[in-house]
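First comes the structure, then the notes that go with it.
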Amino acid sequence: MRNKYVNTSNETRSHRKFIALFGDGAKANYFSPGQINLIGEHTDYNGGYVFPAAISIGTFGVARKRTDSLVKVYSLNFETVGVIAFSLENELVNTPEANWGNFVKGYLLKLKEAGHAIQTGFELVIEGTIPNGSGLSSSASLELLVGTVVNDLYHLGLDKLTLVQLGQKVENEFIGVNSGIMDQFAIGFGEIGKAILLDTNTLKYELVPAEFGDYKIVIMNTNKRRELADSKYNERRAECEEALKRLQTKLEITALGQLTPTEFEENRALIGDVTLEKRAKHAFYENERTKLAKTCLEAGELQAFGQLLNASHESLKNDYEVTGIELDTLAETAQGLSGVLGARMTGAGFGGCGIALVATSEIETFITKLSATYLEKIGYAASFYVATIADGARKL
């Protein structure tokens, strides 16, 4: 049965391009979503909770096995790059000329290192509907697409968690971005109409109904490119690790997410640095807000959930300092518009996207007003998408 949330026009375009490049014949279709984090930002690498959901925009793929050791990949998003080809035998290394194909190389290398022998290559055409650099996890979407394709083509029998963990290893060890597991986890485990409350310290998770009634999640894209590897992401992570190290002089903890409210307040002076204390404060209180968000959604208390979104943005702006004028303009303007229960940045920050919980009847007016304010203040246009919460990476 076809999934009603798959955009068949993208699937068809990828299919036609595959035939043009590699010929007709047996082939399979796949989809890997992007994700938004409802709340719980920069908590994943601090051993805390995150609350993401897979969304209906993502990465489409058409693939077929080859009989030799070559892998040939092509993206409709980077047509000037052309077909990227490499051998499984000796070319699984990160090279500039491989461009986005390095994500494919990285996943295959991590599979090989995990003991999964893939003897023959494959052909793959992809098209992503996630705006590049938006912070909606286009790289993790690609990683899980590759994992899903290879798992299916070669009958590896790998479970979702293994595919997710391999995707994170690609990001951390092959691409060189020191990210947590949230993006890959949401994309691997997502379900229609459900958000995922994930304890990143233990990888225990709950699927929580994300039912917004007369409201919808609107994604607000700053259209400012946010290259994760080039941002201050690694700097913030290092600051949290240093704060943790100072707390560990007295407390037996392995992550900031393990602290109770009392423990944090009684021991925060151990950190001994204003900036590091602000970073730890955000990590801890954002974790508490994330746990409260689950309670709010389960009880249908959307007003309270919206207030948590607002508090999250304020903390990300003032304590974690990862927003910037573009995200602040979107989130803070949105918070003052009619029909909006809450708004915040989502993702790593420094550009990318925000989200707002907006009354369905007000969405058109919301976009019109916010667009005008953003254009006037920033000098270029923002983009908006109404998010549909969708299933995780899968064969179509």
Side-chain angles (χ1 to χ4, degrees), residues 2-3 5-34 54-88 91-92 94-109 111 118-134 136-156 163 166-167 170 174-175 184 187-188 390-396:
R2 306 300 295 173
N3 188 304
Y5 294 125
V6 167
N7 187 331
T8 54
S9 65
N10 295 101
E11 186 184 342
T12 301
R13 196 156 47 239
S14 302
H15 191 267
R16 287 174 177 166
K17 191 64 181 182
F18 187 96
I19 294 171
L21 289 172
F22 304 122
D24 210 347
K27 64 190 82 63
N29 300 292
Y30 305 86
F31 179 73
S32 179
I55 55 177
S56 53
I57 58 175
T59 311
F60 295 83
V62 183
R64 177 171 60 210
K65 285 172 70 174
R66 293 175 60 89
T67 56
D68 57 18
S69 65
L70 281 181
V71 174
K72 293 186 176 183
V73 296
Y74 181 91
S75 172
L76 283 158
N77 302 92
F78 300 100
E79 294 196 89
T80 56
V81 175
V83 174
I84 300 167
F86 56 90
S87 171
L88 287 169
E91 296 180 1
L92 298 184
N94 192 325
T95 60
E97 58 270 19
N99 199 282
W100 68 271
N102 282 314
F103 288 93
V104 185
K105 287 184 175 185
Y107 208 102
L108 291 169
L109 179 64
L111 279 168
I118 298 171
Q119 304 298 340
T120 63
F122 57 89
E123 296 151 345
L124 171 67
V125 169
I126 69 164
E127 181 174 18
T129 56
I130 304 171
N132 295 318
S134 64
L136 301 179
S137 306
S138 55
S139 62
S141 177
L142 175 57
E143 289 154 9
L144 267 293
L145 179 80
V146 175
T148 301
V149 166
V150 175
N151 195 35
D152 177 61
L153 289 182
Y154 300 95
H155 309 291
L156 300 180
L163 294 175
L166 287 170
V170 174
F174 195 84
I175 302 300
Q184 291 86 359
I187 289 165
D391 279 330
R394 61 206 181 271
K395 185 179 183 179
L396 298 175

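Sequence positions, counted from 1, serve as the residue numbers for this chain.
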- Message: On a heavy-atom basis, which atom in Ser14 and which in Ile126 lie closest, and how many Å separate them?
- Response: OG-C, 4.3 Å
- Message: Minimum heavy-atom separation for Arg64 and Asp24, please, with both atom names.
- Response: NH1-O, 3.0 Å
- Closest heavy-atom contact between Tyr107 and Leu163? OH-O, 2.8 Å
- Roughly how far apart are Glu97 CD and Asn102 CG, rounded to 0.5 Å? 8.0 Å
- Query: Going from NZ on Lys27 to CD on Glu123, what distance comes out if it is rounded to the nearest 0.5 angstrom?
  - Reply: 10.5 Å
- Counting N and O atoms only, with roles assigned by atom type, does the side chain of Ser32 sit under 3.5 Å from a partner on the main chain of Thr59, one being a donor and the other an acceptor? no
- Message: Taking the side chain as everything from C-beta on, heavy atoms only, tell me whether Leu92 gets closer than 4.5 Å to Phe86.
- Response: yes
- Query: Does a side-chain heavy-atom distance below 4.5 Å link Phe22 with Val125?
  - Reply: yes
- Are Phe60 and Thr12 close enough that some pair of their side-chain heavy atoms sits under 4.5 Å apart? no
- Item | Pairwise distance CG(Leu144) to CD(Gln184) - rounded to 0.5 angstrom | 6.5 Å
- Smallest separation among heavy atoms of Asn29 and Val62, with atom names: OD1-CG2, 3.3 Å
- Query: Between Phe103 and Leu145, is any pair of side-chain heavy atoms under 4.5 Å apart?
  - Reply: no
- Message: With side-chain contact (heavy atoms from CB on, under 4.5 Å) as the criterion, how do Trp100 and Ile84 come out once you've worked through the C-alpha distance, each side chain's angles and the decisive distance to 0.1 Å?
- Response: CA-CA 9 Å; Trp100 68 271; Ile84 300 167; 3.5 Å; yes
- Message: Considering only residues two or more places apart or on different chains, which pairs with a residue in residues 68-77 satisfy salt bridge (charged side-chain N to carboxylate O under 4.0 Å, His left out)?
- Response: Arg66-Asp68
- Task: List the atom of Phe18, the atom of Ala63, and the distance in Å for their closest heavy-atom pair.
- Result: CE1-CA, 4.1 Å
- Task: Could you pull out the closest heavy-atom pair between Gly167 and Glu143, with the gap in Å?
- Result: O-OE1, 3.1 Å
- CD1 of Ile130 to OG of Ser139, rounded to nearest 0.5 Å, is 9.0 Å
- Considering only heavy atoms from C-beta outward, does the side chain of Phe31 approach that of Asp391 to under 4.5 Å? no
- Message: Are the side chains of Tyr154 and Asp152 in contact, using a 4.5 Å heavy-atom criterion?
- Response: no
- Item | Sub-4.5 Å side-chain heavy-atom contact between Leu108 and Val150 | yes
- Message: Working to the nearest 0.5 angstrom, can you tell me the gap between Asn151 CG and Leu156 CG?
- Response: 5.0 Å
- Query: For Thr95, what residues pass the side chain to side chain donor-acceptor pair (under 3.5 Å) criterion, not counting sequence neighbours?
  - Reply: Lys105
- Item | Nearest-0.5 Å distance that lies between atom CD1 in Ile187 and atom OG in Ser138 | 9.0 Å
